[in-house]
Amino acid sequence: MKTKLLLLFTLCCSICFSQTPIASFNSAPMTNFTVVTSTPAIDQSTDGANATWAFSNLTAAGTNVDTYAAPTAAETTTYPGTTEVLSTTSQGMTPTVNNTFLKEDTNGTTITGISQGDIILNYATTNAFIGLFPLSFGYSSLNQSVAGTFSYQGTNGTFTGTISISVDAYGSLSLNNTGTGTYNGNVTRLKLEQSLSFSIPPIFNNIGTLTQTSYFYYDNTSNDLVFRYSNVNLVSGFLGINENTEVLERNTPNTLSTVTNTLDNDFQLFPNPAEDYISILTNNNETLKHIKIVNVAGQEVLKVNKNTTSLSIADLPNGFYFISIETESGKTSTKKLVKK
């Protein structure tokens with residue numbers, strides 16, 4: 001009996017402490033977010049394994065949409081190494097666009113630049129490294145050096161500082177209805193902290209600071225970015241700035257896991273993550289007509305117009321992709337693919 005109880009206890013613990021690695025830093029292209037506020041403020045202090053977050057006082061305040069594009073020639077020159085640009089566009093009467101410039105290669109995901117509101121950060125001297133995805137609970141890369149140039153309302157200078165990344169928690173997250181439904185699911189959380197000091201060389205050093213704390217909650221089933229939070233404090237007596245910006249966004253339920261919800265159960269894709277080859281199987285002897293793989297910027301990186309059950313992805317850079325399948329009968333399916 002003691003042996004049975006011990007085995008049962010071990011099984012229960014393994015279930016409790018299971019979690020899904022975060023496949024990609026990015027949201028899915030064309031993800032809609034509802035900008036929300038909360039009174040009282042949401043409590044994100046819980047971390048570690050089997051955490052519980054209940055954000056039950058969210059109120060809708062606007063909408064944003066994430067899109068991705070390849071960098072222009074000018075952007076590549078300004079932000080060297082950039083492979084894609086994430087644009088988050090507000091959908092109000094006067095739309096605003098915040099851009100995050102990213103580099104994704106075999107070494108991982110890196111921020112090369114940020115353009116948000118009045119401030120532009122160019123990490124050309126030392127990029128801000130996020131990590132080599134997929135990332136699992138317990139990953140941490142703390143106090144990495146970052147450096148580059150800044151621009152604020154026509155004032156230009158340099159910055160130095162640190163960025164810390166950690167996958168600090170996983171557990172259950174619940175979000176109240178903000179007009180289009182509730183959310184209850186298991187998530188894994190990524191935490192980003194940044195601390196910068198600004199100067200205008202050669203005379204004016206340490207003229208201001210920027211501190212940032214951001215949290216990203218990813219659904220453990222679909223890997224979609226469910227909820228994100230950012231708090232940025234920008235202070236400079238020299239420039240006359242004392243700003244605190246807090247943004248809360250929840251993935252709008254009717255777009256949450258859009259890719260997953262449109263899949264037919266007849267299709268199987270494995271292994272995923274994959275290294276060299278993927279297998280594509282259909283349960284009902286469907287004949288494949290087209291197979292297409294695109295990256296997160298929406299660029300087609302591989303296309304096959306024939307019926308095949310095995311596909312080489314060895315030449316693709318490590319990263320996050322979408323694979324679309326069409327059969328001779330007209331059925332379509334899109335799945336997420338992680339190349340490692």
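In this structure a side-chain-to-backbone donor-acceptor pair under 3.5 Å is missing from S199 to P201. Listed for the S90 side chain is a donor-acceptor partner under 3.5 Å among the backbone atoms of T96. Of the possible donor and acceptor atoms, none in the side chain of N57 sits under 3.5 Å from a partner among the backbone N and O of P40. Side chain of T188 to backbone of T20: a donor-acceptor contact under 3.5 angstrom is found. Using a distance-only test at 3.5 Å, with no hydrogens or angles considered, no donor-acceptor pair links the side chain of S38 to the main chain of A41. The backbone N or O of T52 lies less than 3.5 Å from no partner atom in the side chain of S172, so there is not a single donor-acceptor pair. Remark: side-chain polar atoms of N176 are paired, donor with acceptor, to backbone N or O of L58 under 3.5 angstrom. A donor-acceptor pair under 3.5 Å is formed between the side chain of K339 and the backbone N or O of L316. Side-chain N or O atoms of N127 include none that pairs as donor or acceptor with a backbone N or O of F129 at under 3.5 Å. At distances below 3.5 Å, at least one donor-acceptor pair connects side-chain atoms of N177 with backbone N or O atoms of G179.
The side-chain heavy atoms of T182 and L175, taken from C-beta on, include no pair separated by under 4.5 Å. Between T158 and T160 there is no side-chain heavy-atom pair separated by less than 4.5 Å. Looking at V226 and L173, their side chains come closer than 4.5 Å, going by heavy atoms from C-beta outward. Within the 4.5 Å cutoff, the side chain of V247 has no heavy atoms near those of the V232 side chain. Considering only heavy atoms from C-beta on, Y218 comes within 4.5 Å of L190 through its side chain. In this structure, N305 and H290 have side chains that are in contact, with non-hydrogen atoms separated by less than 4.5 Å. At least one side-chain heavy atom of T178 sits under 4.5 Å from a side-chain heavy atom of R250. Side-chain contact between D105 and P317 is absent, with no heavy atoms from C-beta onward closer than 4.5 Å.
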>> Could you walk me through whether T72 and E75 satisfy the side chain to side chain contact (heavy atoms under 4.5 Å, CB included) test, starting with their C-alpha distance in whole Å, then the side-chain angles of each, then the deciding distance to 0.1 Å, before giving a yes or no?
In response: CA-CA 5 Å; T72 64; E75 289 170 338; 3.2 Å; yes

>> I'd like to know whether S87 forms a side-chain hydrogen bond (donor to acceptor under 3.5 Å, both in side chains) with N99, so could you lay out the CA-CA distance, the side-chain angles of the two residues, the decisive distance to 0.1 Å, and finally the verdict.
In response: CA-CA 5 Å; S87 296; N99 290 326; 2.6 Å; yes

>> What verdict does the salt bridge (Lys or Arg N to Asp or Glu O under 4.0 Å) test give for D66 and R228, after you've listed the backbone C-alpha separation in whole Å, the side-chain angles of each residue and the deciding distance to 0.1 Å?
In response: CA-CA 12 Å; D66 280 3; R228 63 187 177 195; 2.9 Å; yes

>> Apply side-chain hydrogen bond (donor to acceptor under 3.5 Å, both in side chains) to residues T88 and N98 and explain how you reach the verdict.
In response: CA-CA 5 Å; T88 301; N98 293 324; over 6 Å; no

> Can you check side chain to side chain contact (heavy atoms under 4.5 Å, CB included) on E249 and N64, steps first, answer last?
Replying inline: CA-CA 8 Å; E249 299 167 281; N64 287 338; 2.8 Å; yes

>> Under the criterion side chain to side chain contact (heavy atoms under 4.5 Å, CB included), I'd like the reasoning laid out for N32 against T63: C-alpha separation, chi angles, the key distance, then a yes or no.
In response: CA-CA 7 Å; N32 289 281; T63 56; over 6 Å; no

> For T112 and T82, what are the C-alpha separation, side-chain angles and deciding distance, and is it a side-chain hydrogen bond (donor to acceptor under 3.5 Å, both in side chains)?
Replying inline: CA-CA 6 Å; T112 59; T82 298; 2.7 Å; yes

> Do T209 and S197 pass the side-chain hydrogen bond (donor to acceptor under 3.5 Å, both in side chains) test, and can you show the C-alpha distance, the side-chain angles, and the key distance before you say yes or no?
Replying inline: CA-CA 5 Å; T209 59; S197 176; over 6 Å; no

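No side-chain donor-acceptor contact under 3.5 Å links N251 and Y183. Looking at Y68 and S27, their side chains do bring a donor and an acceptor atom within 3.5 Å of each other. A donor and an acceptor atom, one from each side chain of N231 and Q212, are nowhere located under 3.5 Å apart. For the residue pair T109/E104, the side-chain donor-acceptor check at 3.5 Å is satisfied. Side chains of E246 and Y229: a donor on one and an acceptor on the other come within 3.5 Å.
Pairing each heavy atom of N223 with each of P21, the nearest pair is OD1-O, 3.4 Å. In plain terms, the two heavy atoms of F101 and I114 that are nearest each other are CD1-N, 4.1 Å. In plain terms, the two heavy atoms of F55 and D43 that are nearest each other are CE2-O, 3.6 Å. Nearest heavy atoms, L196 versus F159: CD2-CD1, 3.9 Å. Closest approach of I313 to Y277, counting heavy atoms only: CG1-N, 4.2 Å. Of all the heavy atoms in Y217 and L225, the pair that sits closest is O-CD1, 3.5 Å.
Note: F227 and W53 fail the aromatic proximity criterion, with ring centroids not under 6.0 Å apart. No close placement of the Y123 and Y79 rings is indicated, their centers lying 6.0 Å or farther apart.
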Under 3.5 Å, which donor-acceptor pairs do the side chains of residues 130-141 form with other protein atoms, sequence neighbours left out?
unit_1 : atom_1 : unit_2 : atom_2 : d
Y139   : OH     : I130   : O      : 3.1
S141   : OG     : Q144   : OE1    : 3.3
S141   : OG     : Q144   : NE2    : 3.1

Which pairs would a plain distance check flag for residues 145-154, meaning a side-chain donor or acceptor within less than 3.5 Å of a matching protein atom at least two apart in sequence or in another chain?
unit_1 : atom_1 : unit_2 : atom_2 : d
S151   : OG     : N156   : OD1    : 3.1
Y152   : OH     : E243   : OE2    : 3.2
Q153   : NE2    : D118   : OD2    : 3.0

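In this structure, the separation between OG on S236 and CG on L234 is 7.5 Å, given to the nearest 0.5 Å. A distance of 5.5 Å separates CD1 in I119 from CG in L210, rounded to the nearest 0.5 Å. In this structure, CG in L192 is found 3.5 Å from CD1 in I165, a value given to the nearest 0.5 Å. In this structure, the separation between OG on S166 and CD on E193 is 6.5 Å, given to the nearest 0.5 Å. To the nearest 0.5 angstrom, I291 atom CD1 is 11.0 Å from T327 atom OG1. To the nearest 0.5 angstrom, S230 atom OG is 7.0 Å from Q116 atom CD.
Test I325, T309, N307 against I280 for side chain to side chain contact (heavy atoms under 4.5 Å, CB included) and you get one pass: I325.
Under a cut-off of 6.0 angstrom, the local environment of CZ in F238 is crowded, with over 12 non-hydrogen atoms contributed by other residues, nucleotides or ligands. Applying the 6.0 Å contact sphere to CG of D315 captures no more than 12 heavy atoms from other residues, nucleotides or ligands.
Sorted by first then second residue, the salt bridge (Lys or Arg N to Asp or Glu O under 4.0 Å) pairs that include residues 157-170, not counting sequence neighbours, are D168-R189.
Grouping the Ile, Leu, Val, Met, Phe, Trp and Tyr side chains by contacts below 4.5 angstrom, directly or via other members, places F204 with L121. At a threshold of 4.5 Å between side-chain heavy atoms, the hydrophobic network of Ile, Leu, Val, Met, Phe, Trp and Tyr places V35 and F33 in two separate groups.
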